[in-house]
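All values derive from a computational prediction rather than experimental measurement. Each ligand, and each atom within it, is numbered from 1 in the order the structure gives.
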Amino acid sequence: MKKPYIGQIVHYQSYGTPGGEYPSVCRAAIVTDVDTYQHGPTEDHWVGHVNLAVLNPEGMFFNRGVHQDQDECRGGTWHLAHP
Ligand SMILES: [Zn+2]
């Protein structure tokens, strides 16, 4: 994965409720910090977490140590923004 940068806008995947009353949806989020726990050969091989400021329609919250999940977009992860 390409290393994200502080200030980048990404998507945070919300947790849905188990019964499906609230589905898991994309929320806009701003990267507030980036860490690296494994160094790849280049910046394109970044492995790590980000801290996020998540912008919900009802308000903001802050989250630390969020993993990227670009393929399955599981709840509680982030992915690159898409239309
Ligand atoms: Zn998304």
- Message: If you compare all heavy atoms of S14 against all heavy atoms of S24, which two are closest, and at what distance to 0.1 Å?
- Response: O-OG, 2.6 Å
- T77 and Q13 side chains, donor-acceptor separation under 3.5 Å: no
- Query: Is a side-chain donor or acceptor of N51 paired with a backbone partner of G65 at a separation under 3.5 angstrom?
  - Reply: yes
- According to a 4.5 Å side-chain heavy-atom criterion applied to Ile, Leu, Val, Met, Phe, Trp and Tyr, with indirect links allowed, do V10 and V25 form part of one hydrophobic cluster? no
- Task: Mind listing the protein N/O/S atoms less than 2.8 Å away from the Zn ion (ligand 1)? Waters don't count.
- Result: H11 ND1, C26 SG, H79 NE2, H82 NE2
- Task: List the atom of H79, the atom of D69, and the distance in Å for their closest heavy-atom pair.
- Result: CB-O, 3.7 Å
- Message: Please find the pair of heavy atoms, one from M60 and one from A53, that lie closest to each other, and give the distance.
- Response: CE-CB, 3.8 Å
